[in-house]
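Note sheet for the following structure.
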Amino acid sequence: MPLLGAKVGGMIGNAAVVAAAYGMDTYLMDTVNDGDNSKQVLEDFKNAGVKIDLIRHDSELPDVKCLIFLKGGERVIFVIPTQKKNLIPDKREWELLGEADYVYTTVGELKCFCEPVELIEALKRKDVKIVLDVEYIGDQKKEEEWELIRRADILFINSEGDRQLQEKIAKDYKERLKENACMLILTKGENGCVIWENNGCRWDIPAYSVKPVDTTGAGDTFNASFLYGLSRGMKAKEAGNFANAAAARSILHIGPRSGAAGEEAVKIFMEQWKGER
């Protein structure tokens, strides 16, 4: 199996770079060590237009890595869990978080904070939209994770996350979320996506029929592109169509951040591939 070497990536990081490529004012908030790998990662974010003012440093933390195996354009990912814990936002962080339109994260990252539920509630009181990317549910603390998930304003859930939520939380978890006025987006790869708006509308949007070269980062591209669409005033269905196109375009290239191409590139793809659905 040929090796492609180390690539800068990560679920939240990929989404941040895609958002920045659209011109969105994007900050990354994280805690990393002072090693050469971390410096390379931060330099990559900076070059991509992501603001790194909210980065903390802890020399005791190991590098965060994942292993990605590609076969036929599809991939298997093994992620080394983070060792961050007991984080408390400082004054500067609270100010920037409270001014955000969207805070995009994962359940795992939220659990690194001392009081994640209180953090969510405080941000929601400032009209910040909490956006979660859900790909798996932990077995040991699934109730704790559900308390975070059910408070989200927008949820992106892939097929595996959907399966685990049905098995570990409830078959009718979607109905429970809709009762909380949550917008739910189920991403299904080559089968497109399904959007449930908090007003009861449902949209089934087909994918583009492309042959994937590398699907790594496609979900992150979709998520960031959907949020960009909403930020530009698109309705949910239009944003879903745009995000599907952005994700399809991204998998024609190798690399987790090939979706960081900007709006014009997505529109060109949509024009070239219209009818291929």
Side-chain angles (χ1 to χ4, degrees), residues 11-12 14-16 18-20 22 24-29 54 89 93-113 115-137 142-158 161-162 164-165 169-170 172-187 193-203 205 219-244 246-247:
M11 292 165 56
I12 297 173
N14 294 340
V18 173
Y22 287 127
M24 299 180 78
D25 193 18
T26 308
Y27 285 82
L28 182 71
M29 181 176 177
L54 300 182
E93 291 166 342
W94 270 118
E95 289 176 352
L96 285 173
L97 287 171
E99 294 171 356
D101 293 318
Y102 304 101
V103 168
Y104 178 95
T105 187
T106 64
V107 171
E109 289 296 320
L110 277 175
K111 288 169 63 179
C112 295
F113 288 87
E115 302 290 347
V117 171
E118 287 74 6
L119 173 63
I120 290 176
E121 295 295 347
L123 292 175
K124 288 170 73 76
R125 286 193 293 271
K126 292 181 176 292
D127 295 323
V128 178
K129 300 294 185 185
I130 305 300
V131 184
L132 295 183
D133 181 10
V134 180
E135 296 194 354
Y136 60 88
I137 301 295
K142 58 185 180 182
E143 292 83 5
E144 174 185 330
E145 295 190 4
W146 175 248
E147 286 302 309
L148 301 176
I149 291 170
R150 73 179 187 85
R151 286 174 164 80
D153 296 288
I154 301 174
L155 276 174
F156 293 103
I157 302 175
N158 66 5
D162 178 53
Q164 292 199 22
L165 280 165
I169 302 301
D172 67 342
Y173 82 89
K174 296 184 186 72
E175 298 304 318
R176 298 188 188 186
L177 290 171
K178 286 185 279 186
E179 290 174 1
N180 292 343
C182 174
M183 181 185 290
L184 174 63
I185 302 97
L186 175 62
T187 56
C193 68
V194 184
I195 303 169
W196 289 270
E197 295 190 68
N198 52 22
N199 61 6
C201 290
R202 169 177 169 154
W203 306 103
I205 304 175
D220 309 319
T221 295
F222 177 97
N223 298 353
S225 301
F226 187 89
L227 291 179
Y228 171 71
L230 293 184
S231 76
R232 299 290 292 177
M234 295 182 193
K235 301 297 185 182
K237 182 180 180 181
E238 183 183 1
N241 274 312
F242 180 81
N244 264 356

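Remember, predicted model here, so these are calculated numbers, not experimental data.
- Of all heavy-atom pairs spanning P89 and L119, the tightest one is CG-CD1, 4.2 Å.
- Atoms CD and CZ, on E238 and R232 in that order, are 11.0 Å from each other to the nearest 0.5 Å.
- Separation of the Y22 and F242 ring centroids falls under the 6.0 Å cut-off.
- Taking 4.5 Å as the limit, some side-chain heavy atom of C193 sits within range of a side-chain heavy atom of N244.
- Expressed to the nearest 0.5 Å, how far CG of D153 lies from CG of L132 amounts to 9.0 Å.
- In this structure a side-chain-to-backbone donor-acceptor pair under 3.5 Å is present from N180 to R150.
- Looking at Y27 and E93, their side chains never come closer than 4.5 Å, going by heavy atoms from C-beta outward.
- Salt bridge K178/E175: present, at least one basic N to carboxylate O contact under 4.0 Å.
- A salt bridge links E145 with K111: at least one charged nitrogen is closer than 4.0 Å to a carboxylate oxygen.
- Annotation: F113, atom CZ; neighbour count of heavy atoms from other residues, nucleotides and ligands within 6.0 Å is above 12.
- Using a 4.5 Å heavy-atom threshold, the side chains of I154 and L227 count as touching.
- Side-chain atoms of T26 come within 3.5 Å of backbone N or O of M24 as a donor-acceptor pair.
- When all heavy atoms are compared, the tightest approach of K237 to I205 is O-CD1, 3.5 Å.
- The two atoms that bring P116 and L110 nearest to each other are CB-O, 3.3 Å, heavy atoms only.
- Two residues are said to be in side-chain contact when any heavy atoms from C-beta on lie closer than 4.5 Å; I157 and T187 fail this criterion.
- Side-chain contact check for V194 versus R202: some heavy-atom pair is nearer than 4.5 Å.
- Rounding to the nearest 0.5 angstrom, the gap separating the CD1 atom in I149 from the CG atom in L177 is 8.0 Å.
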Starting from the C-alpha separation in whole Å, work towards a yes-or-no answer on side chain to side chain contact (heavy atoms under 4.5 Å, CB included) for T106 and V134.
-> CA-CA 6 Å; T106 64; V134 180; over 6 Å; no
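- Contact between V18 and S225 at its shortest, heavy atoms only, is CG1-OG, 4.1 Å.
- The nearest pair of heavy atoms linking G98 to K126 is CA-CD, 3.6 Å.
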Kindly indicate, with the supporting measurements, whether the criterion side chain to side chain contact (heavy atoms under 4.5 Å, CB included) is fulfilled by M183 and I185.
-> CA-CA 7 Å; M183 181 185 290; I185 302 97; 4.0 Å; yes
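- Proximity of V131 to T105: side-chain heavy atoms (C-beta onward) are nowhere separated by under 4.5 Å.
- Tested against I130 for a side-chain contact (heavy atoms from CB on, under 4.5 Å), the candidates K124, E121, R151 yield a single pass: K124.
- Put simply, the side chain of L165 reaches to within 4.5 Å of the side chain of I137, judged on heavy atoms.
- Rounded to the nearest 0.5 angstrom, N158 CG and D133 CG are separated by 7.0 Å.
- Screening Y102, F156, Y104 for a ring-ring contact (aromatic ring centres under 6.0 Å, His included) with F226, the sole residue that qualifies is F156.
- The shortest distance between side-chain heavy atoms of M29 and L97 falls below 4.5 Å.
- Contact record, F222 with G240: CE1-O, 4.1 Å, taken as the closest heavy-atom pair.
- Atom CH2 of W196 sits about 5.5 Å away from atom CG of L184, to the nearest 0.5 Å.
- In this structure, Q164 CD and I169 CD1 are separated by 10.0 Å, a value rounded to the nearest 0.5 Å.
- Looking at Y173 and D162, their side chains do bring a donor and an acceptor atom within 3.5 Å of each other.
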